[in-house]
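Each remark here refers to the structure printed beneath this line.
Atoms within each ligand, like the ligands themselves, are counted from 1 in listed order. Residue indices begin at 1 and follow the sequence shown.
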Amino acid sequence: WLFAEYQSRDSQCTRVWIPDPDEVWRSAELTKDYKEGEKSLQLQLEDETIREYPIDVQSNQLPFLRNPDILVGENDLTALSYLHEPAVLHNLKVRFLESNHIYTYCGIVLVAINPYEQLPIYGQDVIYAYSGQNMGDMDPHIFAVAEEAYKQMARDEKNQSIIVSGESGAGKTVSAKYAMRYFATVSGSASDTNIEEKVLASSPIMEAIGNAKTTRNDNSSRFGKYIQIGFDKRYRIIGANMRTYLLEKSRVVFQADDERNYHIFYQLCAAASLPEFKELALTCAEDFFYTSQGGDTSIEGVDDAEDFEKTRQAFTLLGVRESHQINIFKIIASILHLGNVEIQAERDGESCSISPKDEHLSNFCQLLGVEHSQMEHWLCHRKLVTTSETYVKTMSLQQVVNARNALAKHIYAQLFGWIVGHVNKALHTSLKQHSFIGVLDIYGFETFDVNSFEQFCINYANEKLQQQFNLHVFKLEQEEYMKEQIPWTLIDFYDNQPCIDLIEAKLGILDLLDEECKVPKGTDQNWAQKLYDRHSGSQHFQKPRMSNTAFIVVHFADKVEYLSDSFLEKNRDTVYEEQINILKASKLPLVADLFHDGKDSAPAATTSSKISVRSARPPLKASNKEHKKTVGHQFRTSLHLLMETLNTTTPHYVRCIKPNDEKLPFRFDPKRAVQQLRACGVLETIRISAAGYPSRWAYHDFYNRYRVLVKKKELANTDKKAICKSVLESLIKDPDKFQFGRTKIFFRAGQVAYLEKLRADKFRAATITIQKTVRGWLQKVKYRRLKAATLTLQRYCRGHLARRLAEHMRRTRAAVVLQKQYRMRRAHQAYQRVRRATVVIQAFARGMFVRRIYHQVLREHKATIIQKHVRSWLARRCFQRLRGAAIVIQCSFRRLKAKRELKALKIEARSAEHLKRLNVGMENKVVQLQRKIDDQVGVLSSQPGGGAVGRLHGHLKAGSLVPCSCRVLMASGPGSCNALEGFRCLLRKERRRWSKGRGETC
Ligand SMILES: Nc1ncnc2c1ncn2[C@@H]1O[C@H](COP(=O)(O)OP(=O)(O)O)[C@@H](O)[C@H]1O
Ligand SMILES: [Mg+2]
């Protein structure tokens, strides 16, 4: 661990914080020692860039020193040795971003950074874990603060208060709710009335009527509240009481872009369709002027109808009867209708009218049970009473609208007060209250581009609270010093009293404002002028150069420029008496009750809701002093009352910080955080701490930590206190830098860091010596081991290498043989393949050539056959022609010869003898022929084509061919062509035809 710790300290040279426009503060390291009188510092930033940091020689203001790393992430900021803005910011940032710790102590203040994410640190088990524990024993938590308050209430028998402050959206209301939940859980209720449930149930009601969506917070409380939770002797909850401050009434009639009116209006509109709300004649929120000016009437992730149910349940739980609830909702609905009343300007521009048929005005009057005609008249007219006479005056459109808006605001404020009164009644107990814990949830310091009366009051309240805080811290410091018997030298701390006096003292800003309000023709500008005349000498008051209507107040947190426009109007906050009188005469008891003279609905609670009624009578004749109180006056009174209460209690402070404006979880914008830390006084606490002796060490703890700085022979002394004293005196030369208390040593800022540095240096020197020796020894041992190991390794390696070479050679040879065989085989196979292919190709080629020759021969052969047939056909034709011609010639010749013969024969034939001889010869020949034919027929009929021969034979037998044969025989004559030859010829023809039919070749 020694090495680990001091290794990390190697890099710890002098580190500082330098201002940065983006990150506010940036860490840097000194690269060169600084010598007094030098004009700049050589710095290296965290991103390794080198920068020269100029030093103002006159002020000799060196940059802030950075704390040792050991102190970063501390639970308590005051434990930091260097206490300044960058250290605080860095510590908060590291805790928030790296460890997701949203709570950090800063002395007695709990700093809570809004995580914008639900964290699992608020369960019942966590409450019980914190219950009974000491504040320092557990991680910082709102429950630890609540437990501390609860414990101190029991231990010191003193009332307590938890003051939660911060910007809008920083988490005040959530923190206050957690604190109340803590009390409700750990204390339990004294009776069966479940009072703690009622205390918690007041939240949804107050949120419905007093919270609204703003650009900064979807559920922004538009009023301040102080809830006192009462406990009995056994520290069980018995009741509660609530005081409210400065309800933002202007929101009822006006909302900026993207903002909403109070939630209850939208909740009621979302439930308008319920049968019990038919008579309210409501529609959706977009339809009403007072709920639609911001644009979007819904909030992401919020169901107004559902929330309305919760509000109603809370009302029921707090004992508000259904009938009363309906009346409350009637009044709220009536305000919406009032906003929609159409006012028409008359031509003269001096008067206005409202149509008698105006639905919204009828609804308004009906819901509030007031007379329509009266209301219609007094909305557009007012009464003026002078000493001598009374007369009714018309009003311009702007005046009427203003008066109407003032009436709406007034009704809402009265109702708000009435509800607070009722909640208080429900939480009131008849049991004797032994002590209480108050939780104050109040808006923090505010500054906008344009600041008006509201911001002025808020900042005034914060100025008072800061003063109370300073005095308290101061007092605590003093007590601690006394306890430790340390001489109390006055610590300079920021005193808010001059600024408070500027605001509230006689002839202060508020006083002059009230004066101006009393002047009948008083204007904002006159008032501003009076302020300039009266206060320009004050160091907390300034007049802006460019304006005659604005003024600047130098508050503890910042300079704020206020625009005096409408201060008078807002301070007067008047409504016309005639309108109020109509409401007083309402048939609805609740409405009459709200506006009844002197019967303020909740006198203690609604200090903010008292209002002056613009009487028609001249100011001097004012009878009711109560009504003359201005808002500023009331606020001042309520603030005094609050301060009185707080001063009688032990305060606990919670400062809520909004880490970014985008509402993103665990995103830290240093600029915004620093603004708020300044505004909420955390840095002032730090300053007070730093001005005195901020670091404190018990003697025992100091001895344990810094024993290393003590010389050996001094350690022999057994008195630890004496050792501490002697060592400190030798180490820190300036005796003002520390003080010895009874049980603790007190150090000025930076001394612990100095001691830490000495301790670190000592450790570093010792570490370096130890490291030097150990490293030398380690290196020697390592070298010997390495040498032996190297030799062994070499031996093995070389043997291994030789073996590997032999093996390699063997393998190479084998590979060559294998390659040879393989290559041979491959070549052989290739040759075989080529050979086979060649043979195949040759076979095919030869076949092809032979086929070509064959086809040629075949073609020639066929041509020969064709030629043969053609030639034979030609020869035959020629022959037949020739034969025909020969026959013709023969015939002619034979006829000639026959004629001659005939003539001779005729002559011979005339002899009978001759004829007889001829016949006998003929008959023999025929018989011979017949026989020959029969033989022939017998041979043929056994051959193919025998059928035809048979048929021929039949014919011959039948004698049908006889004439032909006779003709042939006669024509051919003996010896030239006989009948047999003719038959043969016939037979050949017949056979050829038969063969053709059978497809045979000839
Ligand atoms: N401790 C917390 N854990 C988680 N969310 C928180 C916490 N504190 C505040 N928030 C968130 O911030 C929002 C604003 O807080 P709220 O208490 O209403 O602000 P403020 O009262 O200061 O205007 C809450 O609605 C919630 O979402
Ligand atoms: Mg709030």
### Query
Checking Asn114 side chain against Gly169 main chain: does a donor-acceptor pair fall under 3.5 Å?
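Yes; judged by distance alone, with no hydrogens or angles, the pair exists.
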### Query
Which word best sums up how the rings of Tyr235 and Tyr150 line up, parallel for under 30°, tilted for 30 to 60°, or perpendicular for over 60°?
perpendicular
### Query
Using 30° and 60° as the class limits, which term best fits the ring planes of Phe143 and Tyr178: parallel, tilted or perpendicular?
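Because their plane-to-plane angle is over 60°, the rings of Phe143 and Tyr178 count as perpendicular.
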Distance dump, ligand 1 polar atoms to protein, N/O, under 3.5 Å:
| residue | atom | partner | partner atom | Å |
| --- | --- | --- | --- | --- |
| ligand 1 | 1 (N) | Tyr122 | OH | 2.9 |
| ligand 1 | 10 (N) | Asn114 | OD1 | 3.0 |
| ligand 1 | 12 (O) | Asn114 | ND2 | 2.7 |
| ligand 1 | 17 (O) | Lys172 | N | 3.4 |
| ligand 1 | 17 (O) | Thr173 | N | 3.0 |
| ligand 1 | 17 (O) | Val174 | N | 2.9 |
| ligand 1 | 18 (O) | Asn217 | ND2 | 3.0 |
| ligand 1 | 19 (O) | Gly171 | N | 3.2 |
| ligand 1 | 19 (O) | Asn217 | ND2 | 3.1 |
| ligand 1 | 21 (O) | Thr173 | N | 3.0 |
| ligand 1 | 21 (O) | Thr173 | OG1 | 2.6 |
| ligand 1 | 22 (O) | Glu167 | O | 3.4 |
| ligand 1 | 22 (O) | Gly169 | N | 3.4 |
| ligand 1 | 22 (O) | Ala170 | N | 3.2 |
| ligand 1 | 22 (O) | Gly171 | N | 3.0 |
| ligand 1 | 22 (O) | Lys172 | N | 2.9 |
| ligand 1 | 22 (O) | Lys172 | NZ | 2.9 |
| ligand 1 | 23 (O) | Gly169 | N | 2.6 |
| ligand 1 | 23 (O) | Asn217 | ND2 | 2.9 |

### Query
What protein atoms of element N, O or S are positioned under 2.8 Å from the Mg ion (ligand 2)?
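Within the sphere that stays under 2.8 Å of the Mg ion (ligand 2), the protein atoms of type N, O or S are Thr173 OG1, Ser221 OG.
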Tell me if the centroids of the rings in [X] and [Y] come within less than 6.0 Å of each other.
{"X": "Phe96", "Y": "Phe666", "answer": "yes"}
{"X": "Phe445", "Y": "His555", "answer": "yes"}
{"X": "Phe416", "Y": "Phe223", "answer": "yes"}

### Tyr266 six-ring face occupied by Arg260 cation (under 6.0 Å, within 45°)
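Flagged: Arg260 positioned over aromatic ring of Tyr266.
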### Query
Looking at Asp304, Asn219, Asp307, Thr311, which one forms a side-chain hydrogen bond (donor to acceptor under 3.5 Å, both in side chains) with His263?
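Single side-chain hydrogen bond (donor to acceptor under 3.5 Å, both in side chains) partner of His263 among Asp304, Asn219, Asp307, Thr311: Asn219.
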### Task
Carefully, step by step, assess Ser168 and Arg216 under the rule side chain to side chain donor-acceptor pair (under 3.5 Å).
CA-CA 6 Å; Ser168 178; Arg216 290 156 170 239; 5.5 Å; no
